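Since the model is a prediction, treat every value here as computed from it, not as a measurement.
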Amino acid sequence: MIAASCLLAITASAQSNFTEDEKLKKLVEQQVRKNKLTNSMPGYRIQIYFGSTRNKALEIKTSFEQQFPDINSYLIYDAPNFKVRVGDYQTRWLALPVLEKLRNNFEIAFIVKDEIPLTKTP
């Protein structure tokens with residue numbers, strides 16, 4: 001009787017793990033499909049400007065592009081403000097060394113979560 005109880009408990013535990021693994025697998029598949037549809041994925045960028053003046057945002061973006069031509073830059077309008085964000089990093093750790101380099105010229109720079117292109121990840 002005790003052996004049967006132990007076997008039943010082990011079987012129930014294995015089924016529980018299998019169900020959780022299946023749910024996780026489905027969630028991962030769902031995220032992969034979303035990434036392919038949008039051609040993007042969750043990632044990080046460095047924000048170097050935030051303000052309500054479009055001309056100032058364009059000036060900062062242009063200045064950045066001249067100093068760092070190998071790093072992508074983006075002008076984002078999030079009413080009523082403009083943001084200039086740079087880089088496409090899969091992890092915060094990949095963005096940190098670049099942030100340190102940028103702080104000399106862009107003191108208010110900080111890392112933010114953003115959607116980044118699938119094709120431009122390091």
Side-chain angles (χ1 to χ4, degrees):
M1 183 69 175
I2 294 174
S5 296
C6 287
L7 184 57
L8 185 60
I10 291 171
T11 303
S13 175
Q15 287 175 345
S16 173
N17 286 342
F18 178 75
T19 302
E20 289 174 11
D21 288 346
E22 286 298 310
K23 286 180 183 176
L24 181 60
K25 183 178 177 184
K26 286 182 181 182
L27 284 173
V28 169
E29 288 171 353
Q30 218 175 1
Q31 184 66 46
V32 168
R33 279 193 304 274
K34 177 189 170 269
N35 291 351
K36 286 181 180 177
L37 282 174
T38 62
N39 201 28
S40 68
M41 63 181 277
Y44 297 87
R45 289 197 172 126
I46 300 168
Q47 188 163 303
I48 60 172
Y49 175 78
F50 175 86
S52 60
T53 310
R54 184 175 191 274
N55 287 340
K56 179 71 172 171
L58 285 171
E59 179 184 311
I60 288 174
K61 183 178 184 296
T62 301
S63 172
F64 175 84
E65 291 169 343
Q66 290 171 351
Q67 295 174 55
F68 303 96
D70 57 325
I71 301 174
N72 296 323
S73 62
Y74 305 89
L75 177 64
I76 300 162
Y77 180 65
D78 188 8
N81 293 302
F82 293 91
K83 301 173 186 175
V84 177
R85 292 185 176 172
V86 299
D88 298 305
Y89 307 101
Q90 290 179 341
T91 67
R92 180 176 282 278
W93 294 109
L94 291 172
L96 277 172
V98 180
L99 174 65
E100 293 306 315
K101 187 167 74 169
L102 297 181
R103 282 231 168 112
N104 292 331
N105 299 327
F106 305 95
E107 294 143 10
I108 64 159
F110 61 97
I111 297 172
V112 295
K113 286 184 178 184
D114 207 342
E115 286 290 313
I116 62 171
L118 284 175
T119 56
K120 295 184 181 176
T121 56

Asks: Using side-chain contact (heavy atoms from CB on, under 4.5 Å) as the criterion, list what pairs up with L75, not counting sequence neighbours.
Replies: A57, L58, K61, F82, V84
Asks: For a side chain to side chain contact (heavy atoms under 4.5 Å, CB included) check, start with the C-alpha distance between D78 and F50, then their side-chain angles and the critical distance, and finish with the verdict.
Replies: CA-CA 10 Å; D78 188 8; F50 175 86; over 6 Å; no
Asks: Provide the full list of salt bridge (charged side-chain N to carboxylate O under 4.0 Å, His left out) pairs with a residue in residues 104-113, sequence neighbours left out, each pair given once.
Replies: none
Asks: Quick one: list whatever passes ring pair (Phe, Tyr, Trp, His ring centres under 6.0 Å) with F68, sequence neighbours left out.
Replies: F64
Asks: Might you point out which heavy atoms bring L94 and Y89 nearest each other, and give the distance in Å?
Replies: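 Where L94 meets Y89 most closely, the heavy atoms are O-CD2, 3.8 Å.
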Asks: For residues 41-52, which residue pairs pass the salt bridge (charged side-chain N to carboxylate O under 4.0 Å, His left out) check, not counting sequence neighbours?
Replies: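 As it turns out, the salt bridge (charged side-chain N to carboxylate O under 4.0 Å, His left out) pairs with a partner in residues 41-52, which skip direct neighbours, are R45-D88, R45-D114.
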Asks: How long is the straight-line distance from CG of L99 back to CD of Q47, given to the nearest 0.5 Å?
Replies: 12.0 Å
Asks: When hydrophobic residues are tied together by side-chain contacts of less than 4.5 Å, even through go-betweens, does I46 share a cluster with W93?
Replies: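 I46 and W93: one cluster.
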Asks: Out of curiosity, I116 CD1 to R85 CZ, how far, rounded to the nearest 0.5 Å?
Replies: 12.5 Å
Asks: Could you state whether I108 and V86 fall into the same hydrophobic cluster, counting links through intermediate Ile, Leu, Val, Met, Phe, Trp or Tyr residues with side-chain heavy atoms under 4.5 angstrom apart?
Replies: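 No, I108 and V86 fall in different hydrophobic clusters.
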Asks: So for atom CZ, which belongs to R54, do other residues, nucleotides or ligands contribute more than 12 heavy atoms lying within a distance under 6.0 Å?
Replies: no
Asks: Identify the heavy atoms of A95 and I111 that sit nearest to each other, and give their distance.
Replies: CB-CD1, 3.8 Å
Asks: Quick one: closest heavy-atom pair of I48 and A109, and the distance?
Replies: CG2-CB, 4.1 Å
Asks: Do Y44 and I71 sit in one hydrophobic cluster, given that two such residues count as connected whenever their side-chain heavy atoms are within less than 4.5 Å of each other, even indirectly?
Replies: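 Result: yes, single cluster for both.
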Asks: State which residues pass side chain to side chain donor-acceptor pair (under 3.5 Å) with N55; sequence neighbours excluded, sorted by chain then number.
Replies: none
Asks: Tell me, please, which residues at least two apart from T62 pass side-chain contact (heavy atoms from CB on, under 4.5 Å).
Replies: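 So T62 forms a side-chain contact (heavy atoms from CB on, under 4.5 Å) with Q66.
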Asks: Are F106 and V112 grouped together when hydrophobic residues (ILVMFWY) are joined by side-chain heavy atoms under 4.5 angstrom apart?
Replies: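 No, separate clusters.
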